[in-house]
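Working notes, structure below.
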Amino acid sequence: MKRVALLVAVALTVLASALVTTRDAEAHALLARADPPINASLRESPTRITLFMTEQLQRSHSSVEVLDSGGQRRDIGSTEFSDAVPTQMSVRVLRLDPGVYTVVWETLSEVDGHTWTGSYVFSVLNPDGSAPAGSGVEVNLDRPGPPVAADSAVKAIGLGALVLFVGAVFVSALLRPSPLPPLVPLMSLAVVVGLVTTGYEAIAGALRLGDIGFLGDVLFDSRNGLWLQQRWYALSVAGLTLSFLTLRSPPAQRGEMSRSDRGGRPILVVLAVIAIAWLSSTSAISHGAAIGSGWIWGTLFDALHLAAVAIWIGGLAALLIAIRANRADRIESVRRFSIAAALLVPILVAAGLLSALIQIPDIDGIAETDWGAAFIVKLVFLALLFAAAAANAFLLRPRDAQAAGSDPVLVRRFSRMMRAEVALGLVVIAVSGVLTQLPSPASAQPEVEQKDNTILETVARGDVVASLEISPNLVGFNTWTATVDAPSENLVEVMLLRFRYQDRSVGPVTVATSRLADGRFQLEGAYFGLPGEWTVEMEMRRASGNDLIAGVRSSVESGYQASPFAADRGGALALPLTQMDWNGVGALWAFLIAALAWINRPQIRARWGPRGGDAAFAGGVLGLIVAVVLLTGLHVEPGRTLANPVVRTEESINRGEALFARNCASCHGEQGAGDGPLADTLPAPPANFTVHVPFHPDGVLFAWITDGIRGTGMPAWSPQLSDQERWDLVNFLRASFDISTAQP
């Protein structure tokens with residue numbers, strides 16, 4: 001076991017240093033959606049700034065501020081929160097003059113206790129539509145508290161302790177006679193480590209808020225703190241129980257197998273309840289519990305995945321100790337554990353797949369985030385773990401059982417492979433500890449999906465060649481970098497950039513650039529205030545000779561990427577996945593049941609006879625049929641049976657028209673053709689209402705508006721619009737885009 005501990009320590013150190021870098025402030029982009037959006041250019045001053053975060057907020061330590069270019073606050077009143085949308089916070093603002101403004105937020109997650117800070121900018125345009133002068137304020141996004149690498153290491157150690165404790169309890173209940181006494185030292189060590197890491201998490205949470213004086217806020221004012229308390233109490237009871245067991249057992253029996261299970265059953269029940277409580281408290285503050293809509297399913301999938309890993313890896317470590325204490329029952333002990341592991345692996349894979357799909361909305365989330373890098377490392381070690389497990393299950397264990405444990409070379413080889421399996425499993429747990437401290441791709445989705453339309457154009461004027469790079473070439477803040485190649489005797493000393501919009505009613509703006517080395521000039525700012533065609537003129541002033549002007553044309557788009565994960569889609573029991581519907585989830589578990597029945601058919605036949613084997617075969621066939629039917633034969637369009645309770649009057653249609661113009665036209669277009677100014681920034685094209693509305697009943701339209709549409713940029717509008725308003729929208733859509741019922 002010393003080699004195992006050394007391997008885990010080395011792996012943990014390497015992973016923590018490699019995956020948790022100094023880019024924490026950039027990586028933790030937990031802003032899902034904002035109104036006004038990131039880099040927006042507004043014709044009029046907003047009255048309120050509203051942010052939608054990716055996790056439920058602890059109100060006492062979450063806030064929003066709005067700063068002008070001089071760093072002066074322009075918000076009024078305190079930060080406000082929504083009871084209906086626990087991820088939302090907002091602040092009212094004074095009337096904003098034309099200029100560039102910075103929104104700064106600080107959040108405390110109610111679920112995992114993490115504090116994050118961030119900022120974004122938007123601008124209010126001049127009356128003629130031109131970009132205002134000024135720039136955003138530089139904000140210090142450093143957070144107090146321990147480094148994330150330390151948090152990751154402690155989390156990994158705590159998960160390792162949990163795995164060993166759960167596995168020891170499981171093996172103590174599985175094997176006959178029970179190996180509880182020899183496993184008491186392992187469980188005691190796990191409990192001590194659990195108490196220490198739980199205390200660290202609470203203290204670290206207080207330090208993130210400022211100092212140790214905030215410990216009470218962490219423990220008593222957040223869901224995270226309540227779960228930490230529950231874990232602390234459960235582990236304290238575990239410590240007392242194990243102490244009682246140690247004192248009650250005679251010294252001669254503390255390292256031996258107990259031949260009577262009757263006296264130890266109540267203690268095993270207590271320890272099993274504690275193991276469940278420890279698992280629950282860990283899953284309740286996981287990424288799956290922080291997703292908002294559908295958090296119950298996210299928590300359940302995480303708990304099933306963690307429980308399966310704990311029983312498998314922790315149980316295997318406990319089995320090695322039990323075998324050492326009683327070598328006579330080694331063959332039977334390994335056989336019983338192998339059957340249990342075979343039942344657990346499909347559950348581990350299915351629950352892990354669902355948990356991963358919740359956190360990985362698309363493949364870019366793996367390629368472009370630190371979480372994705374850690375996840376790939378986890379998959380690599382998981383593949384090695386499955387390879388070692390397969391070698392043990394299908395090669396070494398059958399040969400060892402056939403030889404009845406009489407081949408010492410085979411016994412040593414099998415023992416080494418079991419230890420390697422445990423070591424690989426603990427490395428997987430270590431990587432999982434790193435994953436818990438990094439924001440998942442679902443959290444970073446809006447940042448990952450930010451568009452980049454960077455262009456590089458080169459123009460020549462006489463003996464001067466000038467190149468202009470515009471990045472990201474979107475509405476809002478950009479960087480213009482000009483590179484000039486000119487004769488040494490007639491260098492360009494000053495460069496001005498003049499911005500002209502396609503609509504000549506928007507006045508041009510001329511701005512001086514900063515001169516860099518090697519004939520390069522640079523400018524940063526929000527000078528693309530509107531989407532459309534822009535001309536950027538480079539006015540080059542030389543030491544001698546005529547000044548030169550060269551223009552570059554650019555088609556500028558809106559850069560804010562609406563995310564399908566920007567707002568809650570329902571309650572705690574809503575589907576948290578975007579890649580599949582409930583039919584797909586049901587099919588996955590039906591296939592899992594079928595696989596379990598077929599894999600374990602020989603054991604079932606041996607235990608209950610031919611009828612049991614036939615029942616297992618029939619159950620496997622039935623599970624497969626159900627999976628196929630769910631995937632191919634059942635699809636009920638949401639809302640199809642829902643009747644419209646609002647009469648389609650002229651008043652209702654007019655209210656819906658106003659709501660459409662304010663909330664929908666930016667994506668769907670003023671004529672509903674799916675060609676709004678933000679249409680090309682969405683993950684999927686917006687619906688063309690002239691095509692869709694005539695073929696869907698009112699209830700379906702209402703369901704789409706209420707719950708959004710997975711995998712698209714259509715968010716759920718139920719948090720922002722009342723039932724009445726959503727039905728008014730339906731009436732407007734029906735009256736405007738369905739010719740057969742155009743008149744009320």
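The shortest side-chain heavy-atom distance between Glu201 and Ile285 falls under the 4.5 Å cut-off. At a threshold of 4.5 Å between non-hydrogen side-chain atoms, the residues Asn478 and Val556 do not count as touching. A 4.5 Å side-chain heavy-atom check between Phe214 and Arg208 finds every atom pair outside the cut-off. Contact check for Pro46 versus Leu96: side-chain heavy atoms found under the 4.5 Å cut-off. Arg223 has its side chain out of reach of Gln58: every pair of non-hydrogen atoms, C-beta onward, lies at least 4.5 Å apart. In this structure, Thr107 and Met89 have side chains that are in contact, with non-hydrogen atoms separated by less than 4.5 Å. Looking at heavy atoms from C-beta onward, Leu721 lies in side-chain contact with Asn663 at the 4.5 angstrom threshold. For the pair Pro645 and Trp727, the minimum side-chain heavy-atom distance is below 4.5 Å.
Here Ser281 pairs with Trp227, Gln230, Arg231, Trp278 under the side chain to side chain contact (heavy atoms under 4.5 Å, CB included) rule; sequence neighbours left out. Residues meeting the side-chain hydrogen bond (donor to acceptor under 3.5 Å, both in side chains) test with Asp83, sequence neighbours left out: Arg59. Listed by chain and number, the residues in a side-chain hydrogen bond (donor to acceptor under 3.5 Å, both in side chains) with Ser283 amount to none (sequence neighbours excluded). Not counting sequence neighbours, the partners of Leu379 by the side chain to side chain contact (heavy atoms under 4.5 Å, CB included) test are Phe375. Taking the side chain to side chain contact (heavy atoms under 4.5 Å, CB included) definition, one finds that Leu207 meets it with Pro146, Ile203, sequence neighbours left out. Checked against side-chain hydrogen bond (donor to acceptor under 3.5 Å, both in side chains), Asn688 has the following partners two or more places apart in sequence or in another chain: Thr690. Taking Tyr101 as the reference, Phe122 meet the ring-ring contact (aromatic ring centres under 6.0 Å, His included) condition, with sequence neighbours excluded. Applying the side chain to side chain contact (heavy atoms under 4.5 Å, CB included) criterion to Leu348, with sequence neighbours excluded, gives His305, Ala308, Val309, Trp312, Phe386. When the side-chain hydrogen bond (donor to acceptor under 3.5 Å, both in side chains) test is applied to Ser90, the partners found at least two apart in sequence or on another chain are Arg48. With sequence neighbours excluded, no residue satisfies ring-ring contact (aromatic ring centres under 6.0 Å, His included) with Tyr120.
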query = What do the steps show when you test Val730 against Ile705 for side chain to side chain contact (heavy atoms under 4.5 Å, CB included), and what is the final call?
reply = CA-CA 9 Å; Val730 170; Ile705 296 171; 4.0 Å; yes
request  = Apply side chain to side chain contact (heavy atoms under 4.5 Å, CB included) to the pair Val434 and Val377, showing each step before the final yes or no.
outcome  = CA-CA 11 Å; Val434 175; Val377 173; over 6 Å; no
inquiry  = If you apply the rule side chain to side chain contact (heavy atoms under 4.5 Å, CB included), what do you find for Leu354 with Leu588, and how did you get there?
reply    = CA-CA 9 Å; Leu354 292 172; Leu588 176 64; 3.7 Å; yes
Test log, rule side chain to side chain contact (heavy atoms under 4.5 Å, CB included), inputs Trp295 and Gln56 = CA-CA 11 Å; Trp295 66 266; Gln56 300 178 38; 4.2 Å; yes
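The closest donor-acceptor contact from the side chain of His287 to the backbone of Ser355 lies at 3.5 Å or more, if one exists at all. In this structure, Asp302 contributes its side chain and Gly288 its backbone to a donor-acceptor pair below 3.5 Å. Put simply, the side chain of Ser82 never gets that close to the backbone of Gln88: no donor and acceptor are under 3.5 Å apart. For the pair His61 (side chain) and Glu106 (backbone), a donor-acceptor distance under 3.5 Å is absent. Side-chain N or O atoms of Ser69 include one that pairs as donor or acceptor with a backbone N or O of Val100 at under 3.5 Å. A distance-only check finds a donor-acceptor pair linking the side chain of His668 to the backbone of Ala687 [under 3.5 Å].
The distance from the CG atom of Leu108 to the CG atom of Asp217 is 9.0 Å, given to the nearest 0.5 Å. Between the OG atom of Ser45 and the CG atom of Leu125 there is a distance of 12.0 Å, given to the nearest 0.5 Å. Annotation: the span from Trp232 atom CH2 to Leu219 atom CG amounts to 10.0 Å, rounded to 0.5 Å. Taken to the nearest 0.5 Å, the CG atom of Asp698 stands 12.0 Å off from the CG atom of Leu729. Atom CD1 of Ile347 and atom CZ of Phe301 lie 13.0 Å apart (nearest 0.5 Å). To the nearest 0.5 Å, the span separating OG1 on Thr50 from CZ on Arg92 amounts to 12.0 Å.
Shortest non-hydrogen contact noted between Ala204 and Asp151 is CB-OD1, 4.1 Å. Taking all atoms of both residues into account, the shortest heavy-atom contact from Ala202 to Val218 is O-CG1, 4.0 Å. When every heavy atom of Val693 is checked against every heavy atom of Leu733, the shortest pair comes out as CG1-O, 3.7 Å. Residues Trp371 and Leu438 approach most closely at CD1-O, 3.5 Å, considering heavy atoms. Annotation for Thr102 and Ser119: closest pair CG2-CB, 4.1 Å, computed over non-hydrogen atoms. For the residue pair Ile429 and Ala156, the shortest heavy atom distance occurs at CG2-O, 4.2 Å.
Note on residues 60-69: pairs passing salt bridge (Lys or Arg N to Asp or Glu O under 4.0 Å), not counting sequence neighbours, are Glu65-Arg73. Screening residues 715-725 for salt bridge (Lys or Arg N to Asp or Glu O under 4.0 Å) gives Asp723-Arg726 as the qualifying pairs, with residues at least two apart or on separate chains.
Around CD of Gln724, the count of heavy atoms belonging to other residues, nucleotides or ligands within 6.0 Å exceeds 12.
Below 30°, between 30° and 60°, or above 60°: for Phe660 and Phe732 the angle between ring planes is between 30° and 60°, a tilted geometry.
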